[in-house]
Amino acid sequence: MSKRKLTRRQSWRIEKIQAERSARAARRDSLADEHLAEGELGPEEHGLVITHYGTQVVVEATEGLNAGTHKRCHFRSNLGSLVTGDRVVWRDGNPYGVVVAVLPRESALCRPDPHGDMKTIAANIDRIIIVVAPYPEPHANLIDRYLVAARGIGIEPAVLINKVDRIDDATREKITYLEQTYRRLGYQVLKVSTKTNTGLDELTRYLADFTSVFVGQSGVGKSSLVNALLPDCNLRVGELSDRQQGSHTTTNAQLFHFPGGGHLIDSPGIREFGLWHMEADEVLEGFVEFRPFIGHCKFRDCSHRHEPGCAILRALAAGDISQTRMDSYRYILSTLDQA
Ligand code: GDP
Ligand code: ZN
């Protein structure tokens, strides 16, 4: 939040928005209470939030005879905001169920809303799959930005090089460099082509154990990957977009199950994840090979630019940190300074 003083008009607007918000919350609570009081609800059971529409969520039953079926549910505002991927306790009902509790989140993807407040858009993600391709050529630093951002929220990243069928003389060197660099740093690197089906089996196996999101610049083949991995996705996407007609929820994240195990959480908002806000001190930590040297500089407030006794610069000179990654670190920092 900015520290500058708000104008009267801005304060008035904020008060108005907050009043509207509490009115909405009260309406929602009374709906949830009505359903709870009707006594026609089933027993408490575990479920998974598949997607959300403002005041309602779609919950998938994860136990019992109805496991795998979906139900729209109300929830009380004291549960906070429920998001795709949340694990909940809920009670079945007609026509709507009610969510009565949310289990603690293991991770959360957030992004700033138009008011500058951080808003959670998906929960319990284990893997961020950074998709790049020979074409469109990867923007400089893009992988590093995603790696830093993933580290900032404690989710394991992997690098997926898609469209390997399109590697040619102009791009071979760069792609090989990316592959080797990130493997050497200890990251999982997968090579795939949705055109020739190269690497799809390995990718399927890799995804089977996790809840993943695909991120990366437009045109690298994220939609193609989703279609290749979710054969019945067209049907589901169609069904979901039908329900969304006339509402402003088209960017809401949705959870899909891979046939071979594992889950995908997808939305345009998530695909742009790497462009979200990062804190300056998270950037250094996000460079995995820098970590052994952090805290070993002579000066506590070392900027790692020119100081004598800088452990990071020493590692650079010794070749433990590559010039390219150092440049990338400096570039990412400079983009934060401008913000
Ligand atoms: P998105 O913007 O990341 O969702 O990318 P799309 O899935 O829309 O793909 C962009 C373009 O790349 C489309 O023309 C696809 O047909 C093409 N494409 C996707 N995957 C591959 C691949 O493995 N090989 C080749 N040659 N083209 C691909
Ligand atoms: Zn230093």
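When a ligand or atom number is given, it counts from 1 through the structure's own listing order.
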When you draw lines from the Zn ion (ligand 2) to SG of Cys297 and to SG of Cys302, what angle lies between them, to the nearest 10°?
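Between SG of Cys297 and SG of Cys302, at the Zn ion (ligand 2), the angle is about 110°.
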
Does Arg172 count as lying over the ring of Tyr177, i.e. NZ or CZ under 6.0 Å from the six-ring centre, within 45 degrees of the axis?
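Output no; distance or angle outside limits.
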
Would Arg72 count as a cation-pi partner of Tyr96, with NZ or CZ less than 6.0 Å from the six-membered ring centre and within 45° of the ring normal?
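Not flagged: Arg72 not positioned over aromatic ring of Tyr96.
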
Below 4.0 Å, non-hydrogen atoms only: which portion of Asn162 touches ligand 1? Side chain, backbone, both or neither.
side chain

What part of Lys163, side chain, backbone, both or neither, has a heavy atom within less than 4.0 angstrom of ligand 1?
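Both backbone and side chain of Lys163 come within 4.0 Å of ligand 1.
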
Can you classify the ring geometry of Phe287 versus Tyr329 as parallel (below 30°), tilted (30 to 60°) or perpendicular (above 60°)?
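Ring orientation of Phe287 relative to Tyr329: perpendicular.
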
Glu60 vs His70, side-chain hydrogen bond (donor to acceptor under 3.5 Å, both in side chains): CA-CA, chis, key distance, verdict:
CA-CA 4 Å; Glu60 181 178 287; His70 291 183; 2.9 Å; yes

So which heavy atom in the protein is nearest atom 25 (C) of ligand 1, and how far is it from that ligand atom?
Lys195 CG, 3.3 Å

Test log, rule side-chain hydrogen bond (donor to acceptor under 3.5 Å, both in side chains), inputs Gln180 and Thr176
CA-CA 6 Å; Gln180 289 177 348; Thr176 307; over 6 Å; no

Check ligand 1 against [X] and write out every atom of the ligand that is under 4.0 Å from a heavy-atom position of the residue.
X: Arg166; value: 25 (C), 26 (N)
X: Arg271; value: 4 (O)
X: Gly221; value: 1 (P), 3 (O), 5 (O), 6 (P), 7 (O), 9 (O), 19 (C)

If you measure every N/O of Gly219 against every N/O of ligand 1, is any gap under 3.5 Å?
yes

Any nitrogen or oxygen of Asp165, side chain or backbone, less than 3.5 Å from one on ligand 1?
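For ligand 1, there is an N or O atom that lies under 3.5 Å from one belonging to Asp165.
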
Would Arg184 and Ser322 satisfy side-chain hydrogen bond (donor to acceptor under 3.5 Å, both in side chains), going step by step from the backbone distance to the final call?
CA-CA 12 Å; Arg184 214 177 283 140; Ser322 79; over 6 Å; no

Return a yes/no value: protein heavy atom under 4.0 Å from atom 27 (N) of ligand 1?
yes

